K.L.:
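First the structure, then my questions, so here it is.
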Amino acid sequence: MVAAVYIDRGFGVARDLVLRCLSERIAAAAAGPGGRDFKTRLQEATAARSLGRPRYVVRDEGPDHAKQFFALVYVADHVYGEGDGSSKKEAEQSAAWVAWTRLQDETDGQGGEHAGAT
C-alpha cells in the first residue's frame with residue numbers, strides 16, 4: 001500500500017501515511033530497552049496530566065497449573081484499560097498498554113472525554 005501511495009502521490013504523502021499509521025510503534029521502538037514497560041509509561045503519563053496513580057484490579061481463573069489472569073486499570077476512577085495474560089504481571093502490562101494508548105489518543109485530540117466511562 002505504501003508503495004502504491006508513493007508511486008501515485010509521491011514521497012511526502014507516503015511519508016505522512018507511514019508516520020500517521022506507525023508513529024506510536026516508531027516511538028516505542030525508539031524508547032529502547034524498557035520501552036515496552038507500559039506500567040511505568042502509564043504512571044509517567046498520568047503524573048504528567050495530574051491524574052493520580054493508576055490502580056490495578058486483578059483476578060484469576062482456572063486451575064493452579066493453568067491460571068489465566070485478567071486486569072483492569074483505573075485512572076482517575078475510570079476504567080482505562082483491560083488486559084489478560086498467563087501471569088499477573090503480563091495482565092497488568094496488557095491493561096497498562098491499552099490505558100496508555102487511550103491517554104495518547106486523548107492527548108492527540110482523538111479521544112474526547114474519559115475513554116473508560118464504563
Side-chain angles (χ1 to χ4, degrees):
M1 181 171 82
V2 174
V5 171
Y6 172 73
I7 290 168
D8 188 55
R9 300 288 179 164
F11 176 77
V13 174
R15 181 196 65 218
D16 292 345
L17 172 69
V18 168
L19 291 176
R20 188 170 54 248
C21 294
L22 300 175
S23 64
E24 286 184 31
R25 289 184 184 197
I26 292 169
R36 299 188 79 53
D37 179 6
F38 285 97
K39 285 182 68 175
T40 299
R41 292 170 76 175
L42 177 61
Q43 188 165 339
E44 291 170 349
T46 58
R49 293 166 179 81
S50 300
L51 296 173
R53 294 182 95 173
R55 182 174 56 90
Y56 296 87
V57 176
V58 181
R59 67 179 172 80
D60 61 73
E61 292 181 3
D64 287 341
H65 68 279
K67 285 231 186 275
Q68 186 70 16
F69 294 84
F70 302 90
L72 296 174
V73 60
Y74 289 82
V75 174
D77 296 324
H78 297 281
V79 174
Y80 259 69
E82 300 178 35
D84 61 82
S86 58
S87 69
K88 179 180 174 183
K89 180 179 178 179
E90 190 176 296
E92 289 177 341
Q93 283 289 343
S94 178
W97 177 81
V98 171
W100 181 83
T101 301
R102 285 184 174 173
L103 278 177
Q104 299 310 304
D105 288 348
E106 288 178 6
T107 301
D108 294 341
Q110 299 171 11
E113 59 188 270
H114 289 295
T118 45

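Source: prediction; values computed, not measured.
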K.L.:
What are the two closest non-hydrogen atoms of Ser94 and Gly83, and how far apart are they?
P.N.:
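Minimum heavy-atom separation between Ser94 and Gly83: OG-CA, 3.4 Å.
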K.L.:
Just grab all the salt bridge (Lys or Arg N to Asp or Glu O under 4.0 Å) pairs involving residues 52-62, residues at least two apart or on different chains.
P.N.:
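For residues 52-62, and leaving out neighbouring residues, the salt bridge (Lys or Arg N to Asp or Glu O under 4.0 Å) pairs sorted by first residue read Arg59-Glu61, Asp60-Lys67.
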K.L.:
I'd like to check Tyr74 versus Tyr80 (side-chain heavy atoms, cut-off strictly below 4.5 Å). Are they in contact?
P.N.:
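No. Closest side-chain heavy atoms not under 4.5 Å.
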K.L.:
With hydrophobic residues grouped by side-chain heavy-atom distances under 4.5 Å, do Val18 and Tyr6 end up in a single group?
P.N.:
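Val18 and Tyr6: separate clusters.
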K.L.:
To the nearest 0.5 Å, how far apart are CD in Glu92 and CZ in Phe69?
P.N.:
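So the CD of Glu92 and the CZ of Phe69 are separated by 10.0 Å.
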K.L.:
For the atom pair CZ (Arg9) and CG (Leu17), what is the distance rounded to the nearest 0.5 Å?
P.N.:
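Those atoms lie 12.0 Å apart.
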K.L.:
Show the nearest heavy-atom pair for residues Thr46 and Gly52, with the distance to one decimal.
P.N.:
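Heavy-atom minimum between the residues: OG1-O, 3.0 Å.
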K.L.:
Could you check whether atom NZ of Lys88 has more than 12 heavy atoms from other residues, nucleotides or ligands sitting under 6.0 Å from it?
P.N.:
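Open.
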K.L.:
Got a donor-acceptor contact below 3.5 angstrom from the Arg15 side chain to the Phe11 backbone?
P.N.:
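Pair absent, no side-chain N/O of Arg15 close to backbone of Phe11.
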K.L.:
With a cut-off of 6.0 Å (strictly less than), are more than 12 heavy atoms of other residues, nucleotides or ligands near CZ of Arg49?
P.N.:
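It does: Arg49 CZ has more than 12 such atoms within range.
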K.L.:
Side-chain contact test, heavy atoms from C-beta onward, threshold under 4.5 Å: evaluate it for Phe38 versus Val73 and give yes or no.
P.N.:
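Heavy-atom side-chain distance check fails, nothing below 4.5 Å.
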K.L.:
Going by side chain to side chain contact (heavy atoms under 4.5 Å, CB included), name the residues that satisfy it together with Val98, two or more places apart in sequence or in a different chain.
P.N.:
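Only Arg102 meet the side chain to side chain contact (heavy atoms under 4.5 Å, CB included) criterion with Val98.
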K.L.:
More than 12 non-hydrogen atoms from neighbouring residues, nucleotides or ligands closer than 6.0 Å to CG on Asp77, yes or no?
P.N.:
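12 or below, so no.
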K.L.:
Going by the rule side-chain hydrogen bond (donor to acceptor under 3.5 Å, both in side chains), which residues pair with Gln93 if we only count those two or more places apart in sequence or in a different chain?
P.N.:
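If we apply the side-chain hydrogen bond (donor to acceptor under 3.5 Å, both in side chains) test to Gln93, skipping adjacent residues, the hits are Asp37.
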K.L.:
Under the rule for side chain to side chain contact (heavy atoms under 4.5 Å, CB included), what residues qualify as partners of Ser86, not counting sequence neighbours?
P.N.:
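Side chain to side chain contact (heavy atoms under 4.5 Å, CB included) list for Ser86, sorted by chain: Glu90.
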K.L.:
Quick one: side chain to side chain contact (heavy atoms under 4.5 Å, CB included) partners of Ile7, sequence neighbours excluded?
P.N.:
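None.
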K.L.:
Hey, is CZ on Phe70 packed in by over 12 heavy atoms from elsewhere, all under 6.0 Å?
P.N.:
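Yes, CZ of Phe70 has more than 12 neighbouring heavy atoms, counting only those of other groups under 6.0 Å.
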K.L.:
Tell me, please, which residues at least two apart from Glu44 pass side-chain hydrogen bond (donor to acceptor under 3.5 Å, both in side chains).
P.N.:
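Glu44 satisfies side-chain hydrogen bond (donor to acceptor under 3.5 Å, both in side chains) with no other residue.
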